[in-house]
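The structure under discussion appears below in the form of structure tokens.
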Protein chains: 2
Amino acid sequence: MQENNYEFGLSCPIPINEYPNILLAHGGGGKLTHQLIEKLFLPAFKNEQLNSRHDGAVLEIGDMKLAFTTDSYVVKPLFFPGGDIGTLAVNGTVNDLAMCGARPLFLSIGLIIEEGFSIDALWRVVNSLKDSAAKANVKIVTGDTKVVDHGKGDGIFINSSGVGLIEHDLNISPLSIKPGDKIILNGDIGRHGIAIMASREGLTFESTIESDCAPLNGVVQKLLDAGIEPHCLRDLTRGGLATSLIEIAETSGLTINIEETEIPILEQVSGACEILGLDPLYVANEGRFVAIVPYSQAEKALKIIQAESPNRECRIIGEVRYPDKANGGFRGMVTLTTKIGSSRLIDMLSGEQLPRIC
Amino acid sequence: MQENNYEFGLSCPIPINEYPNILLAHGGGGKLTHQLIEKLFLPAFKNEQLNSRHDGAVLEIGDMKLAFTTDSYVVKPLFFPGGDIGTLAVNGTVNDLAMCGARPLFLSIGLIIEEGFSIDALWRVVNSLKDSAAKANVKIVTGDTKVVDHGKGDGIFINSSGVGLIEHDLNISPLSIKPGDKIILNGDIGRHGIAIMASREGLTFESTIESDCAPLNGVVQKLLDAGIEPHCLRDLTRGGLATSLIEIAETSGLTINIEETEIPILEQVSGACEILGLDPLYVANEGRFVAIVPYSQAEKALKIIQAESPNRECRIIGEVRYPDKANGGFRGMVTLTTKIGSSRLIDMLSGEQLPRIC
């Protein structure tokens with residue numbers, strides 16, 4: 001975190017005349033979300049846990065290391081091919097813990113329900129929460145229910161927070177990646193976002209595109225059990241592969257290069273992206289992650305990841321490099337080697353490509 | 001928890017023709033909230049942590065005991081005399097941890113913001129979160145921001161989840177209370193609910209009634225440090241003193257008797273309640289709790305609690321008794337000895353007295 005020498009409480013650190021009001025893009029995971037985090041939240045709450053800018057906080061309590069994370073889910077529609085808001089709420093939080101290298105143990109569920117929401121739909125969501133928790137081997141141990149007036153919510157919003165146990169001494173974080181590290185992707189990208197978008201817009205394809213929503217704690221545990229020492233793990237949710245890698249590159253100060261030809265995308269997904277004017281690199285996933293591992297462990301790690309996902313292509317999609325020189329200094333960035341061999345800089349989106357995807 | 005022999009997922013356990021849709025009262029903390037908990041959430045997620053029906057879950061990880069809790073805050077208006085949604089979000093969750101006898105350590109903050117919400121108001125809320133966390137001596141270590149379309153939220157909703165450390169072997173729970181235990185209340189009741197209501201309805205009184213919103217971890221720690229062994233602690237939020245005591249009585253199977261003359265209520269608050277047709281026993285508080293302690297420790301505990309709150313009356317308001325016989329069996333209930341010496345049964349509200357109070 002940059003040093004903040006001013007007294008936080010004296011005036012709003014975001015110029016009010018620049019953005020007087022919250023836009024959908026403030027929740028999109030792109031530039032405006034980052035502005036809120038960097039200018040508002042980090043300076044206000046400053047502490048070492050927050051400053052790591054990871055998917056969750058690593059807490060040292062006594063001689064134990066725990067991971068702690070929270071996410072709210074506001075996806076629309078609530079039910080979509082391959083999942084619903086309940087499967088998202090469990091898997092999203094389980095995956096954030098797994099990305100800290102933790103074994104997810106316990107979840108909380110906080111419901112904000114709009115007056116008039118059907119009890120039957122609530123029951124279906126509760127069933128999904130239950131089944132997803134069983135599948136991910138976590139327990140839902142505490143919860144809360146609030147109801148807001150009709151017209152002041154949108155069916156149901158779910159917050160899930162999670163606690164996991166870190167059973168190793170690795171420092172899995174963007175700050176740990178090194179030049180030469182390989183980047184492994186555990187399958188084709190873009191399915192979750194396109195499933196939501198298609199369902200929202202009533203688009204139909206030859207066969208239904210299903211969300212990739214799935215828990216990732218199993219595969220992460222397999223990697224750790226096999227002695228792989230990942231430098232960083234990151235699930236590719238809001239903002240997709242591109243945004244996740246940019247965050248890692250910026251935090252680490254190193255450059256990440258990925259190869260377009262190595263990134264698996266289902267033909268149907270790339271077709272839908274073309275029709276909708278979306279770049280699949282920025283489309284959200286809910287069961288995809290990158291493992292950034294030492295060069296020497298890359299092939300072994302790939303095999304483990306592939307074995308956990310026999311029905312899809314897992315690939316080494318790129319590597320970490322020394323930082324590029326830009327504007328007179330060195331900084332972290334993401335570059336893409338395109339299919340025709342040229343190089344393109346991957347930048348963070350400033351707007352909101354797909355609102356309310358999770 | 002009652003045994004559930006049916007397969008949860010086969011059909012909705014709440015008869016759809018009885019309540020087809022969610023009502024505001026489902027979030028009120030009364031009978032309908034309890035129906036959701038008993039019929040939907042507990043059977044779906046069944047585990048020992050949930051079954052204790054406490055303000056938070058007690059987790060055993062390795063040789064450590066942690067408390068874990070979550071709450072969403074949807075209070076309206078966002079800013080009110082004595083606090084705002086930010087102070088509530090910190091103190092409410094800190095207090096739930098304290099009620100488990102835990103030392104609150106870490107909080108997460110999940111924001112669901114409505115498109116169009118002012119950045120300046122967000123900054124004021126962030127300031128309150130920051131100041132309240134500092135006052136309660138907890139760290140905000142992880143967070144999440146989502147934005148929903150204009151008209152699909154209500155300014156800002158906040159979820160805060162918390163992790164605390166339990167440093168003793170006491171089992172602080174409704175199941176631990178015993179006949180003869182004394183019930184200590186740490187101040188006058190009803191201020192938070194009336195402050196919200198007055199602010200919402202534009203009511204004015206001779207002097208402004210301020211919310212009692214405050215952290216309770218300090219006083220709980222003082223009790224524990226002094227060797228007090230509370231059987232149960234409970235903050236008096238949604239549903240007020242009455243609902244909290246009913247929950248404890250029902251879970252324990254014992255009867256609780258309280259003395260109307262011993263319950264401090266500010267004259268202004270009781271006046272406002274009369275005008276608004278509210279029963280102060282059911283009005284929400286955000287800085288009040290009951291400590292149910294062994295008879296022999298009651299006077300010492302009262303002194304400690306009073307010393308922490310020099311500006312208000314703390315009192316022993318009642319005691320735990322053997323269960324009353326009712327309908328051919330024995331069950332837990334709450335009785336009130338009125339000012340004129342008669343006895344009245346205190347029942348859980350079936351409707352919603354004050355929606356969106358927290």
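The sequence lines fix the lettering, A, B, ..., with proteins before strands; numbering per chain opens at 1.
- Residue contact with chain A, scored on non-hydrogen atoms closer than 4.5 Å, involves the backbone and the side chain of B/L40 alike.
- In this structure, chain A has no heavy atom under 4.5 Å from any part of B/R124.
- Relative ring orientation between B/F157 and A/F157 is described as tilted, the plane-to-plane angle lying within the 30° to 60° band.
- The closest donor-acceptor contact from the side chain of A/N47 to the backbone of B/I140 lies under 3.5 Å.
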Step-by-step side-chain contact (heavy atoms from CB on, under 4.5 Å) determination, A/F41 to B/T145: CA-CA 10 Å; A/F41 304 140; B/T145 306; 3.3 Å; yes
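- Side-chain contact between A/V148 and B/R356 is present, with heavy atoms from C-beta onward closer than 4.5 Å.
- Figure legend: cation-pi geometry between B/K130 and A/F45 absent, as NZ or CZ is not positioned both under 6.0 Å from the six-membered ring centre and within 45° of its axis.
- Contact of B/P20 with chain A is made through the backbone alone, with heavy-atom distances under 4.5 Å.
- When all heavy atoms are compared, the tightest approach of B/S11 to A/W123 is C-CZ2, 3.2 Å.
- Interface remark: of the candidates B/G27, B/G143, B/S108, B/A25, B/S108 forms the most heavy-atom pairs closer than 4.5 Å to chain A.
- For the set A/G28, A/A57, A/G110, A/C12, the count of heavy-atom pairs under 4.5 angstrom toward chain B peaks at A/C12.
- Scanning both residues, A/F68 and B/F68, for their nearest heavy atoms gives CE1-CE1, 4.0 Å.
- Per-residue heavy-atom pair counts under 4.5 Å with chain B were compared for A/H26, A/E48, A/M64, and the maximum is reached by A/M64.
- Within a 6.0 Å radius of NE2 in A/H150, other residues, nucleotides and ligands contribute 12 heavy atoms or fewer.
- The contact between B/D149 and chain A is made by backbone and side chain atoms together, counting heavy-atom distances below 4.5 Å.
- When heavy atoms are compared at a cutoff of 4.5 Å, B/I37 does not approach chain A at all.
- Side chain of B/D144 to main chain of A/T70: no donor-acceptor pair is present (N/O by atom type, distance under 3.5 Å, no hydrogens or angles).
- Side-chain contact check for B/L36 versus A/L122: some heavy-atom pair is nearer than 4.5 Å.
- No side-chain donor-acceptor contact under 3.5 Å links A/K152 to the backbone of B/D154.
- A/L107 touches chain B through its backbone: at least one of N, CA, C or O sits under 4.5 Å from a heavy atom, while the side chain does not.
- When heavy atoms are compared at a cutoff of 4.5 Å, B/I158 does not approach chain A at all.
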B/L23 and A/V147: CA distance, side-chain angles, deciding distance, side-chain contact (heavy atoms from CB on, under 4.5 Å) verdict: CA-CA 7 Å; B/L23 309 174; A/V147 179; over 6 Å; no
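- At a threshold of 4.5 Å between non-hydrogen side-chain atoms, the residues B/L66 and A/L66 count as touching.
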Stepwise side-chain contact (heavy atoms from CB on, under 4.5 Å) check, A/I112 with B/N159: CA-CA 9 Å; A/I112 300 176; B/N159 176 281; over 6 Å; no
From CA spacing to verdict: side-chain contact (heavy atoms from CB on, under 4.5 Å), B/L59, A/L105: CA-CA 10 Å; B/L59 312 177; A/L105 296 176; over 6 Å; no
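- Proximity to chain A involves both the backbone and the side chain of B/L24, based on heavy atoms less than 4.5 angstrom apart.
- Contacts of B/I61 with chain A are made by both backbone and side-chain atoms, with heavy-atom separations under 4.5 Å.
- For a residue to count as touching a neighbouring chain, one of its non-hydrogen atoms must lie under 4.5 Å from one of that chain's; by this rule B/A44 touches chain A with backbone and side chain alike.
- In this structure, the portions of A/S161 lying under 4.5 Å from any heavy atom of chain B include both its backbone and its side chain.
- Interatomic distance, A/I14 CD1 to B/D120 CG, rounded to the nearest 0.5 Å: 10.5 Å.
- With a threshold of 4.5 angstrom between heavy atoms, A/E114 approaches chain B through N, CA, C or O but not through any side-chain atom.
- Side-chain atoms of B/C358 and A/K146, non-hydrogen and from C-beta on, do get closer than 4.5 Å to each other.
- Heavy atoms closer than 4.5 Å to chain A are found in both the backbone and the side chain of B/S118.
- At most 12 non-hydrogen atoms from other residues, nucleotides or ligands lie less than 6.0 angstrom from NZ of A/K135.
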